[in-house]
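Report on one structure; see the data block that follows.
Residue numbers count from 1 along this sequence. Excluded from the calculations below are hydrogen atoms, water molecules and symmetry mates; all remaining heavy atoms, backbone and side chain alike, are included. Model, not experiment: these values are computed from the prediction.
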Amino acid sequence: MKVKNDRLYPYPVLSQSHDDYVDNSFYPNDLTFEHDSETATIKTNIVIGDSVIKSLICDGSISLNCHVECSTTKYRKVFKILPEELESCVINIPLKDINDTVEICFVLVANRDIDEYTNPNLNERYLDAN
């Protein structure tokens, strides 16, 4: 299993590898991959250190999604992670749908227009952006 973090997204990006947010944290922690004869299971807890982002997740303005992809079988699916699942996220995949390498990517997606978004953790280059 490989965690993908080299995708391109519109700015600003909350990511350990970008500086769009200062003092940011957004990553899967204690990520495990297990399987039995029928099901593969991904378990993790999602660390999000930004309180504004967390509140937008809790009020439904943005959602946390996990994109799972297996290039061998062409399996691709997006799993929506509910706010109450951040600390104990479990994703089950039929074992017959995957083979060899599985790539996963956690992304935040806006569910609506977020007018006049502000965040004290945004890099200063975004302070005048509307």
Side-chain angles (χ1 to χ4, degrees):
M1 180 176 58
K2 179 178 177 185
V3 177
K4 294 285 284 184
N5 59 4
D6 60 350
R7 309 257 174 142
L8 299 176
Y9 302 100
Y11 294 102
V13 175
L14 178 62
S15 166
Q16 294 296 108
S17 58
H18 290 83
D19 69 348
D20 297 348
Y21 287 82
V22 293
D23 298 326
N24 79 66
S25 55
F26 174 47
Y27 57 91
N29 191 36
D30 296 330
L31 187 68
T32 63
F33 184 83
E34 304 165 353
H35 65 86
D36 58 25
S37 61
E38 296 182 8
T39 305
T41 303
I42 299 168
K43 294 180 182 178
T44 189
N45 64 332
I46 308 300
V47 175
I48 300 174
D50 189 286
S51 61
V52 174
I53 298 292
K54 276 184 165 178
S55 68
L56 289 170
I57 291 171
C58 289
D59 77 12
S61 297
I62 62 177
S63 60
L64 173 63
N65 297 280
C66 179
H67 179 262
V68 179
E69 183 174 312
C70 177
S71 60
T72 306
T73 63
K74 307 299 185 226
Y75 175 85
R76 283 161 180 61
K77 186 167 182 180
V78 175
F79 296 87
K80 186 172 184 175
I81 311 302
L82 300 174
E84 59 270 16
E85 298 173 328
L86 290 177
E87 293 186 24
S88 182
C89 174
V90 178
I91 297 168
N92 292 307
I93 306 162
L95 199 57
K96 66 177 180 53
D97 293 342
I98 59 175
N99 186 13
D100 198 27
T101 302
V102 175
E103 296 179 350
I104 65 171
C105 180
F106 289 92
V107 295
L108 297 167
V109 177
N111 295 322
R112 63 171 182 82
D113 289 339
I114 303 171
D115 298 322
E116 299 181 30
Y117 172 77
T118 59
N119 188 317
N121 290 324
L122 273 173
N123 187 306
E124 64 184 25
R125 71 177 166 263
Y126 295 105
L127 293 180
D128 294 328
N130 287 326

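- Asn111 places a side-chain N or O within 3.5 Å of a backbone atom of Gly60 that can act as its donor or acceptor partner.
- The side-chain heavy atoms of Leu56 and Asp59, taken from C-beta on, include a pair separated by under 4.5 Å.
- In terms of heavy-atom proximity, Cys70 sits nearest to Arg76 at O-NH1, 4.0 Å.
- No side-chain heavy atom of Leu95 sits under 4.5 Å from any side-chain heavy atom of Glu38.
- Shown here are the side chain to side chain donor-acceptor pair (under 3.5 Å) partners of Asn29, two or more places apart in sequence or in another chain: there are none.
- Side-chain contact between Thr32 and Thr41 is absent, with no heavy atoms from C-beta onward closer than 4.5 Å.
- Between Cys58 atom SG and Leu82 atom CG the span is 11.0 Å, to the nearest 0.5 Å.
- Both Tyr126 and Leu108 are assigned to one and the same hydrophobic cluster, defined by single-linkage of ILVMFWY side chains at heavy-atom distances under 4.5 Å.
- Legend: residues meeting side chain to side chain donor-acceptor pair (under 3.5 Å) with Asn121, ordered by chain and number and at least two apart, are Asp50.
- At least one side-chain heavy atom of Asp19 sits under 4.5 Å from a side-chain heavy atom of Arg125.
- Here the side chains of Asn65 and Phe106 are not in contact, with every heavy-atom distance at 4.5 Å or above.
- At distances below 3.5 Å, at least one donor-acceptor pair connects side-chain atoms of Thr73 with backbone N or O atoms of Asp97.
- Put simply, the side chain of Ile104 does not reach to within 4.5 Å of the side chain of Phe79, judged on heavy atoms.
- Annotation: side chain of Ile42 is in contact with side chain of Leu31 (closest heavy-atom distance under 4.5 Å).
- For the pair Asn24 (side chain) and Leu14 (backbone), a donor-acceptor distance under 3.5 Å is absent.
- When side chains are defined from C-beta on, Lys54 does not count as touching Val52, because their heavy atoms never get closer than 4.5 Å.
- Hydrophobic clustering (side-chain heavy atoms under 4.5 Å, transitive across Ile, Leu, Val, Met, Phe, Trp, Tyr) groups Ile53 together with Ile114.
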